[in-house]
Amino acid sequence: MNKIVLITGGSRGLGKNMALHLARAGRDVILTYRERSDEAAKVVEAIEALGARAAALPLDVANSAQFAGFADAVAQVLAGWQCSSLYALVNNAGTGLHAPFASTQEDQLDQLYRIHLKAPYLLSQMLLPLLADGGRILNISSGLARFSVPGASAYAAMKGAVEVLTRYQAKELGGRNISVNVLAPGAIETDFGGGRVRDDAAMNAFVASNTALGRAGLPDDIGAVVASLLAEGNHWITGQRIEASGGMYL
Ligand SMILES: NC(=O)c1ccc[n+]([C@@H]2O[C@H](COP(=O)([O-])OP(=O)(O)OC[C@H]3O[C@@H](n4cnc5c(N)ncnc54)[C@H](OP(=O)(O)O)[C@@H]3O)[C@@H](O)[C@H]2O)c1
């Protein structure tokens, strides 16, 4: 089986957790980081300690000029592993923005577009020659694309767009037997958004009180779902939005 999964933004948070769950499931992982090479190196070590292969590559997903060089770097890692293709691409990297609609600035909107829509679009396109027929793409959206919380208009609009993109990718890549889905986490305790869900007790309690399962999400809640979705037996699921939010705002 082709075992290799590429995860953007694997140095911390959800991407790191996905990488560890996938390694435990027998996958090799190429992960990316933007700034924190030290954190990325620790994730590589942790994956190798689980008996899987791992590599970390720098990438700023907001800068599409890097994508061609990044694809070359991925190809070099694959060659070093005596492999010619990736099994899956997880478009995970990203930052948030908490700003009211009335005062969100044009440059903030443009940055969110570059990170959360342009990157999944153009990076997936760039990596298509390296993605195996029968492989997978998993885009990462947010519960905020389904329910509306003030202050998330720009971020959530881009996540909504990546959900539409997912259906088109699934339709157009189905001929290569590539399945494409989008996972929408609810509020999870990571560094995301300044770590508010994890570190602000009032915010954490607010999330828990609006969640059917009665707590905020943890990275393991998402890593486990990603490993499951990318398991061989789930290939028939394609073009779907899967929400993993513990039942937020049902
Ligand atoms: N946590 C939540 O509540 C939540 C909920 C729904 C959806 N999500 C989505 O889940 C994804 C991961 O979020 P998270 O909670 O893991 O966030 P996080 O803990 O802040 O980690 C973000 C990761 O993305 C990387 N990254 C950030 N900006 C980047 C850029 N411009 N180019 C390349 N890499 C970049 C970071 O790399 P460095 O370490 O090098 O900075 C890091 O690996 C995001 O797409 C986010 O929108 C999160």
Side-chain angles (χ1 to χ4, degrees), residues 6-21 29-44 56-67 70 73 89-98 108 110-120 122-123 138-147 149 151-152 154-163 165-166 182-200 203-204 206-208 210-211 215-223 225-226 241-246 248-249:
L6 169 58
I7 304 172
T8 63
S11 49
R12 294 181 287 128
L14 301 185
K16 170 184 174 179
N17 196 278
M18 293 169 195
L20 296 174
H21 275 268
V29 180
I30 301 173
L31 57 97
T32 77
Y33 60 92
R34 178 189 41 165
E35 292 176 333
R36 310 212 187 169
S37 56
D38 50 336
E39 297 294 328
K42 285 185 212 159
V43 181
V44 167
L57 297 173
L59 175 69
D60 180 355
V61 295
N63 183 0
S64 57
Q66 293 184 0
F67 293 178
F70 174 72
L89 164 66
V90 183
N91 285 307
N92 163 75
T95 49
L97 172 72
H98 186 76
Q108 294 175 311
D110 286 345
Q111 179 73 351
L112 288 172
Y113 161 68
R114 282 191 289 271
I115 291 173
H116 289 291
L117 180 58
K118 189 175 180 182
L122 291 182
L123 190 62
L138 183 64
N139 296 318
I140 303 299
S141 177
S142 167
L144 291 165
R146 174 177 63 82
F147 49 77
V149 175
Y155 170 76
M158 299 311 157
K159 291 300 201 185
V162 91
E163 293 187 3
L165 170 64
T166 298
V182 59
L183 176 65
I188 315 290
E189 296 183 17
T190 67
D191 295 341
F192 190 78
R196 274 174 86 209
V197 173
R198 180 190 58 212
D199 302 335
D200 178 338
M203 170 61 78
N204 191 285
F206 171 80
V207 169
N210 287 295
T211 299
R215 62 170 175 81
L218 298 170
D220 274 334
D221 294 319
I222 301 304
V225 170
V226 169
R241 175 187 194 273
I242 297 107
E243 185 169 308
S245 68
M248 265 191 97
Y249 291 116

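Just follow the structure's listing: the first ligand is 1, and inside any ligand the first atom is 1.
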Q: Evaluate the side-chain proximity of F70 to L123: yes if any heavy-atom separation is below 4.5 Å, no if none is.
A: yes
Q) Closest heavy-atom contact between A184 and G143? A) CB-N, 4.0 Å
Q) What's the spacing between D220 CG and N17 CG if we round to 0.5 Å? A) 4.5 Å
Q) Looking at I140, which atoms of ligand 1 are within less than 4.0 Å of one of its heavy atoms? A) 9 (C), 10 (O)
Q. Near S142, which atoms of ligand 1 are under 4.0 Å from a heavy atom of that residue?
A. 6 (C), 7 (C)
Q) Which one of T190, T32, I7, D191 has a non-hydrogen atom at the shortest distance from atom 15 (O) of ligand 1? A) T190
(Q) I want to confirm something. Looking only at heavy atoms, which of L14, T8, I188 is nearest to atom 48 (C) of ligand 1? (A) L14
**Q.** Atom pair CE/CD of M158 and Q111 - distance to nearest 0.5 Å
**A.** 11.0 Å
Q. Near E35, which atoms of ligand 1 are under 4.0 Å from a heavy atom of that residue?
A. 40 (O)
(Q) Considering Q66, K16, E189, R34 one by one, which has a heavy atom nearer to atom 28 (N) of ligand 1 than any of the others? (A) R34
Q.
Starting from atom 34 (N) of ligand 1, what is the nearest protein heavy atom, named by residue and atom, and what distance separates them?
A. A93 CB, 3.5 Å
Q) Has the side chain of S245 got a donor or acceptor atom that lies under 3.5 Å from a matching backbone atom of P185? A) no
Q: Would you indicate whether the side-chain heavy atoms of D60 and Q66 approach each other to under 4.5 Å?
A: yes
**Q.** Closest protein heavy atom to atom 41 (O) of ligand 1, given as residue, atom name and distance to 0.1 Å
**A.** R12 NH2, 2.9 Å
Q) Is there a heavy atom of V197 sitting under 4.0 angstrom from any atom of ligand 1? A) no
**Q.** Intermediate values then yes/no, salt bridge (charged side-chain N to carboxylate O under 4.0 Å, His left out), D221 and R215
**A.** CA-CA 11 Å; D221 294 319; R215 62 170 175 81; 2.8 Å; yes
Q: Provide the closest heavy-atom pair for V162 versus S141 in the form atom of the first, atom of the second, distance.
A: CG1-CB, 4.2 Å
Q: Would you indicate which of Y155, Y33, F192 comes nearest to atom 13 (O) of ligand 1 when only heavy atoms are counted?
A: F192
Q) For H116, is the nearest heavy atom under 4.0 Å from an atom of ligand 1? A) yes
Q. Tell me: protein heavy atom nearest atom 11 (C) of ligand 1, and distance?
A. N92 O, 3.1 Å
Q) Would you find more than 12 non-hydrogen atoms of other residues, nucleotides or ligands less than 6.0 Å from K16 atom NZ? A) no
**Q.** Interfacing atoms of ligand 1 (cut-off 4.0 Å, heavy-atom, K159)
**A.** 45 (O), 47 (O)
Q: Counting heavy atoms only, name the option from G186, G195, A187 that's nearest to atom 4 (C) of ligand 1.
A: G186
Q | Min side-chain heavy-atom separation V149-L144 under 4.5 Å | A | yes
Q | Within-4.5 Å side-chain heavy-atom neighbours: L6 and T32 | A | yes
Q) What's the shortest distance from atom 22 (C) of ligand 1 to any protein heavy atom, and which residue and atom give it? A) G94 O, 3.7 Å
Q) What atoms in ligand 1 come closer than 4.0 Å to a heavy atom of G13? A) 16 (O), 19 (O)
(Q) Ignoring hydrogens, what is the shortest heavy-atom contact between A154 and L97? Give both atom names and the distance. (A) CB-CD2, 4.4 Å
Q | Ligand-side contact atoms (ligand 1) for residue partner T95, heavy atom cut-off under 4.0 Å | A | 27 (C), 28 (N)
Q) How long is the gap from CZ on F192 to CZ on R12, to the nearest 0.5 Å? A) 11.0 Å
**Q.** Interatomic spacing from OH in Y155 to CG in L112 - rounded to 0.5 Å
**A.** 9.0 Å
**Q.** Interfacing atoms of ligand 1 (cut-off 4.0 Å, heavy-atom, D60)
**A.** 30 (C), 31 (N), 32 (N), 33 (C)
**Q.** Closest approach of any protein heavy atom to atom 32 (N) of ligand 1, naming residue and atom
**A.** V61 N, 2.8 Å
(Q) Any atom of ligand 1 sitting under 4.0 Å from a heavy atom of S141? (A) yes
Q.
Looking at non-hydrogen atoms alone, which of A19, A56, G9, P185 comes nearest to atom 6 (C) of ligand 1?
A. P185
Q | Per atom 38 (P) of ligand 1, closest listed option by heavy atom (A119, A145, S11) | A | S11
Q. So is E39 close enough to ligand 1, meaning a heavy atom under 4.0 angstrom away?
A. no
Q | Closest protein heavy atom (residue, atom, distance) for atom 33 (C) of ligand 1 | A | L59 O, 3.0 Å
